[in-house]
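Data block below; observations after.
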2 protein chains.
Amino acid sequence: MAANDFIPIPKMTVTMDYDPYETLCQDCRLVELCLPYGLPKTELEQFETIVKNKAPLLTDQYLYQQDEKCQSLFVVKTGSFRSFIYSEDGAEQTIGFYLPGELMGFDAFQHGRFTSSSIALETSKVCELPLSQLNKLCRLIPSLQSQMLRVLGKEIESDHNQILLLGHRSAKEKMATFLLRLSHRYNALGFSKTEFNLTMKRQDIANFLGITNETVSRLLAELNHQGIITINRRNVKINNMDSLKVIVE
Amino acid sequence: MAANDFIPIPKMTVTMDYDPYETLCQDCRLVELCLPYGLPKTELEQFETIVKNKAPLLTDQYLYQQDEKCQSLFVVKTGSFRSFIYSEDGAEQTIGFYLPGELMGFDAFQHGRFTSSSIALETSKVCELPLSQLNKLCRLIPSLQSQMLRVLGKEIESDHNQILLLGHRSAKEKMATFLLRLSHRYNALGFSKTEFNLTMKRQDIANFLGITNETVSRLLAELNHQGIITINRRNVKINNMDSLKVIVE
DNA sequence: GTTAACAATTGATTCATATCAATAAACGAT
DNA sequence: ATCGTTTATTGATATGAATCAATTGTTAAC
């Protein structure tokens, strides 16, 4: 049976060597994906001085909560996060999942308070960027300023893609897109693009895609049955990337 | 019959007195909603110098197109716009509608090219903000810089709300939310919040909400039948705001 | 190790909304 | 005014995904 073929993979796929006293962006393997990307050495050193270390967060611990005052932005260093908003009727909608190198907290720019909550999906570490200092630095370093806008533009573009996905795709297309996007992001981080562990529950995926967890289960089972993926609990192997691409068109 | 009860309303609901030589933000009635909101007089005068006039756009004229190089941001001055992205299969997804005072073009920040297209829904006028000059000015005027981030944050928050709407709402809830949001925005512009003309087609609304135009028609007819709204072609009267709010919960 | 709580799977049924199809109304052009 | 085109309405039917419900597998706690 397929389930026995798995080479065990440690559960925290996206955890890197971690030194608690490490704050140097220069040595961070994520620097190419992160906010200070492309800064000359001198400016990078300036940037490093404002980055604050934060104690690692455990699974289900909040990084920040909706309506809380926003003092800092956060970059995922290791692990992963889920962000979500509460709607008026108390139900929650998952807005996004965050992997290393990705920034969180932009939604607070309008009123200075987070409009979403963010919760760790596994033991995770973030770099904290205090806004007051970040703003000052942006004024001093024009290229940091443009980099900031670039990252904001990326966030907006990715939100637009999510709108497209939710508005115009069948459950199957949503599921395939989800897997392909994850694959792509893991790959950008230097991990395998064909095998990774999902750090979120089926329910989280379902909520994110605007479908039910039963549908997620069924679709994953179907893809598994067709041999396009091999899935065992949270472990995913993509056997046929092209078939997934055909599904999303 | 209800159709006879309508007081004719000029078709362009959101058109203001327009002087082709007018570029002064100081005298613009939208200044409170626009990017330079809150700037002291001297800074506002600086800002005015970079605002470019652009010839009015006619219905169905593109303001910009997807993949085109982005040189400027745009603010709607009069009229309205629809922005949309093409998906890989060629179908389009409407991302948003833009009314006076609202900024367009942020999605281009990541790579310098528009990731969406924007098209005029009626004869419309925009203010053009050349990016090169805007960036320089942001460095000179810190409060413009924060205002810029605030507006970006607003865009992100509104995208998140759209994700919530598309992911977790029934067609009826989507329709009611759409009407309430329009009402709210028209009201902020100083127009009636109970009576306005839709500047977009049923098909555009449907596409925006991730439903079909037939469903839009049926839902509007149902709301009309229940007396919650009175609708005749593009003209909407909201008779019972609370009922709409109950529908969206 | 055993049990309780949680997470995921799988099946049966229902329902909301899409799809297909046919008019009808409005608008622009001649 | 009239005709053709576009836009909107309305009805009949089909269907994808939700809901309801029952198990099974996994993890954490004692």
Side-chain angles (χ1 to χ4, degrees), chain A residues 1-4 6 8 10-12 58-60 82 91 94 121-123 165-176 178 197-225 229-236 247, chain B residues 1-4 6 8-12 58-60 82 91 94 119 121-123 165-176 178 197-225 229-236 247:
Chain A
M1 201 202 139
N4 299 325
F6 281 97
K11 205 169 174 187
M12 265 171 255
L58 304 176
T59 307
D60 288 336
R82 176 174 77 92
T94 296
L121 289 168
E122 56 189 311
T123 305
L165 189 69
L166 291 172
H168 281 264
R169 298 299 176 198
S170 69
K172 196 169 182 178
E173 290 167 335
K174 287 175 179 178
M175 195 69 244
F178 179 75
N197 283 319
L198 301 171
T199 57
M200 69 295 284
K201 305 179 208 168
R202 299 284 190 273
Q203 178 56 51
D204 294 335
I205 300 173
N207 186 291
F208 179 60
L209 296 177
I211 55 183
T212 60
N213 51 357
E214 291 96 329
T215 299
V216 169
S217 248
R218 277 186 252 267
L219 289 171
L220 288 176
E222 188 190 339
L223 290 172
N224 185 65
H225 183 73
I229 65 171
T230 308
I231 186 152
N232 188 284
R233 301 305 268 182
R234 302 276 180 101
N235 181 285
V236 182
I247 292 171
Chain B
M1 200 199 139
N4 300 322
F6 281 96
I9 286 189
K11 204 170 176 189
M12 267 171 255
L58 304 177
T59 307
D60 289 336
R82 176 174 77 93
T94 296
I119 203 169
L121 289 168
E122 58 191 310
T123 305
L165 189 69
L166 290 171
H168 281 265
R169 300 299 176 197
S170 70
K172 197 170 180 177
E173 290 166 335
K174 287 174 178 178
M175 196 67 245
F178 179 75
N197 283 319
L198 301 171
T199 58
M200 70 293 285
K201 304 178 208 170
R202 299 285 191 272
Q203 179 55 52
D204 294 335
I205 299 174
N207 187 290
F208 179 61
L209 296 177
I211 55 182
T212 58
N213 51 358
E214 292 96 328
T215 300
V216 168
S217 247
R218 276 187 253 269
L219 289 171
L220 289 176
E222 189 191 337
L223 290 171
N224 185 65
H225 184 72
I229 65 171
T230 308
I231 186 153
N232 188 282
R233 300 304 270 182
R234 303 275 180 102
N235 181 283
V236 181
I247 292 171

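In the text below, chain A, chain B and the rest are named by the order of the sequence lines, each starting its count at 1.
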Let me know the distance between CE of A/Met200 and P of C/dA7, rounded to the nearest Å.
-> 15 Å
Name the residue closer to the 5' end of DNA chain C, choosing between B/Glu214 and B/Leu219 according to the nucleotide with the nearest heavy atom.
-> B/Leu219
Candidate nucleotides C/dT17, D/dT10, C/dA7, ranked by approach to the side chain of A/Arg234 - the nearest = C/dA7
Quick one: closest heavy-atom pair of A/Thr199 and A/Arg234, and the distance?
-> O-NH1, 3.5 Å
Which pairs count as salt bridge (Lys or Arg N to Asp or Glu O under 4.0 Å) when at least one residue sits in residues 203-225 of chain A, sequence neighbours excluded?
-> A/Arg82-A/Asp204, A/Lys172-A/Glu222
Rounded to whole angstroms, how far apart are CG on B/Asn224 and C1' on D/dT9?
-> 12 Å
Spacing of B/Ile231 atom CD1 relative to D/dT7 atom P, expressed in whole Å | 16 Å
Return the residues of residues 201-212 of chain B meeting this criterion: a heavy atom under 4.0 Å from some atom of DNA chain C. Order them by number, or give none.
-> B/Gly210, B/Ile211, B/Thr212
For atom CG of B/Leu166 and atom C1' of C/dT17, their distance in whole Å = 15 Å
Please tabulate, one pair per line, each protein N/O and nucleotide N/O from nucleotides 23-26 of chain D that are separated by under 3.5 Å, including the distance.
unit_1: D/dT26; atom_1: O4'; unit_2: A/Arg233; atom_2: NH2; d: 3.4

Residues two or more places apart in sequence or in another chain: which of them pass side chain to side chain donor-acceptor pair (under 3.5 Å) with B/Ser217?
-> none
Separation of A/Glu122 CD from A/Leu58 CG (nearest 0.5 Å) | 11.5 Å
Is there side-chain contact between B/Thr94 and B/Ile205, with heavy atoms separated by less than 4.5 Å?
-> no
At their closest point, which heavy atom of B/Thr215 faces which heavy atom of B/Ala171, and how far apart are they?
-> CG2-CB, 3.8 Å
Roughly how bent is the helix from C/dG1-D/dC30 to C/dT30-D/dA1 end to end, in steps of 10 degrees, with each end axis from five pairs?
-> 50°
Between atom CG in B/Asn197 and atom P in D/dA8, what is the gap in whole Å?
-> 13 Å
Spacing between A/Glu222 atom CD and C/dT9 atom C1', to the nearest angstrom | 15 Å
Between B/Leu223 and B/Ile231, is any pair of side-chain heavy atoms under 4.5 Å apart?
-> no
Length of the line joining B/Asn213:CG and C/dT19:P, which is rounded to integer Å | 10 Å
At their closest point, which heavy atom of A/Ile247 faces which heavy atom of A/Ala176, and how far apart are they?
-> CG2-CB, 3.7 Å
With heavy atoms under 4.0 Å as the rule, sort A/Ser217 into base, sugar-phosphate or nothing.
-> base
Interatomic distance, A/Leu121 atom CG to A/Lys201 atom NZ [nearest 0.5 angstrom] = 9.0 Å
Between the main-chain N or O of A/Arg202 and the side-chain N or O of A/Asn213, is there a donor-acceptor pair closer than 3.5 Å?
-> no
For B/Arg218 and D/dG11, give me the distance from atom CZ to atom P, rounded to whole Å.
-> 9 Å
Using a cut-off of strictly less than 4.0 Å, decide whether B/Thr215 has a side-chain nitrogen or oxygen near OP1 or OP2 of C/dA18.
-> yes
Residues of residues 167-176 of chain B with any non-hydrogen atom less than 4.0 angstrom from an atom of DNA chain C: list those, numerically ordered, please.
-> B/Ser170, B/Ala171
Compare every heavy atom of A/Leu209 with every heavy atom of A/Lys174, then report the nearest pair and how far apart it is.
-> NZ-O, 2.9 Å
Contact check, side chains of B/Thr230 and B/Asn224, non-hydrogen atoms, under 4.5 Å | yes
Hey, are the side chains of B/Ile229 and B/Leu220 touching, using non-hydrogen atoms and a 4.5 Å cut-off?
-> yes
Below 4.5 Å, heavy atoms only, C-beta onward: do A/His168 and B/Asn207 meet side chain to side chain?
-> yes
